[in-house]
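Here's the structure, in C-alpha cells; my notes come after.
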Amino acid sequence: MSTFLSREVQAGIDAAQKLAQRKRSRLRVHVADEIFTILEFGERHFSVDAETAPHMRGLVDIYDGGRHLYQALIVTSQEEAGERIFEFKRNTVAAHSPAVDFIVDETAPAGLLPAS
C-alpha cells in the first residue's frame, strides 16, 4: 500500500488540522484592537497562525476566554510549519486586585453595616 498523498490532499489535511487546533484553543492574544488565537503556549513562547497574525512586538495581553491571564512583552522569534512563534522577554501574571502595601489584619471585618 502506498502512503503518498497528492499536494492538494495534504494541504486539505493540514488545513483541517489547523482549524481543529484553532477551535480547540481557548487562549487568545490581544494586541491593540486585534485578537488572535494562540495555537501553542509554552513557558517561554507561544505560537499563532502565520497567515493571520502580523509580526507583533511589544506589550500584549493573553486571555483564556474572558479571564486575563498574563501581560507579556514579546518579540517574533521564527516561523515554522505555518505558525509564527513569539518569545517572551517578560511574562507577568495578571493581577486581579491592587497590590497591598500594608499588613492586613486577619481579624478585620470584611465590611461594615451602616448604623440605622
Side-chain angles (χ1 to χ4, degrees):
M1 176 158 60
S2 174
T3 58
F4 174 75
L5 297 174
S6 68
R7 281 185 241 161
E8 294 82 15
V9 172
Q10 187 63 46
I13 291 171
D14 293 343
Q17 287 174 342
K18 191 180 290 186
L19 180 63
Q21 189 177 20
R22 191 177 302 135
K23 285 183 178 181
R24 189 172 50 239
S25 177
R26 291 178 41 91
L27 294 177
R28 308 279 189 264
V29 60
H30 291 228
V31 181
D33 294 336
E34 297 182 274
I35 301 171
F36 302 101
T37 301
I38 295 176
L39 301 177
E40 182 184 339
F41 186 81
E43 187 176 312
R44 302 180 60 134
H45 70 280
F46 69 91
S47 67
V48 295
D49 187 14
E51 295 175 7
T52 59
H55 287 280
M56 296 180 278
R57 184 181 182 103
L59 199 59
V60 297
D61 294 305
I62 298 174
Y63 286 83
D64 179 9
R67 191 168 55 117
H68 190 200
L69 296 178
Y70 302 102
Q71 188 174 52
L73 186 61
I74 61 167
V75 293
T76 303
S77 114
Q78 60 187 344
E79 187 174 325
E80 66 180 45
E83 295 181 9
R84 187 164 290 132
I85 300 171
F86 297 92
E87 290 186 6
F88 295 123
K89 284 187 148 187
R90 175 181 66 88
N91 189 15
T92 307
V93 176
H96 299 289
S97 62
V100 178
D101 60 348
F102 55 89
I103 297 174
V104 178
D105 185 16
E106 293 179 11
T107 61
L112 298 175
L113 296 174
S116 314

Considering residues at least two apart in sequence or located in another chain, which fulfil the side-chain contact (heavy atoms from CB on, under 4.5 Å) criterion with Y63?
-> H30, D61, H68

Close side-chain approach of D49 to T37, heavy-atom, < 4.5 Å | no

In chain order, what residues pass the side-chain contact (heavy atoms from CB on, under 4.5 Å) check against Q78, with sequence neighbours excluded?
-> E80, I85

Can you tell me how far NE2 of H45 sits from CD of E87, rounded to the nearest 0.5 angstrom?
-> 8.5 Å

Please list, chain by chain and in numerical order, all residues satisfying ring pair (Phe, Tyr, Trp, His ring centres under 6.0 Å) with F86, sequence neighbours excluded.
-> F46

Rounded to the nearest 0.5 Å, how far does CG of L39 lie from CZ of R84?
-> 12.0 Å

Would you check if T76 and R57 make a side-chain contact, meaning some heavy-atom pair closer than 4.5 Å?
-> no

Beyond-backbone contact of N91 with E43, side-chain heavy atoms, under 4.5 angstrom = no

With sequence neighbours left out, what residues match D101 under side-chain contact (heavy atoms from CB on, under 4.5 Å)?
-> none

Kindly write out the residues that satisfy side-chain hydrogen bond (donor to acceptor under 3.5 Å, both in side chains) with E34, not counting sequence neighbours, or none if the list is empty.
-> none

For the residue pair I62 and F88, establish whether any side-chain heavy-atom pair is separated by less than 4.5 Å.
-> yes

Residue R67 excluded, over 12 heavy atoms near CZ under 6.0 Å | no

Indicate the atoms forming the closest heavy-atom contact of D64 with L27, along with that distance.
-> CB-CD2, 3.8 Å

Heavy-atom nearest pair, E83 first then S47, reads OE1-OG, 2.9 Å

Honestly curious: do V93 and F41 fall in one hydrophobic cluster under the side-chain, below-4.5 Å linking rule?
-> yes

Residue list, side-chain contact (heavy atoms from CB on, under 4.5 Å) with S6, at least two apart or on another chain | E8, V9

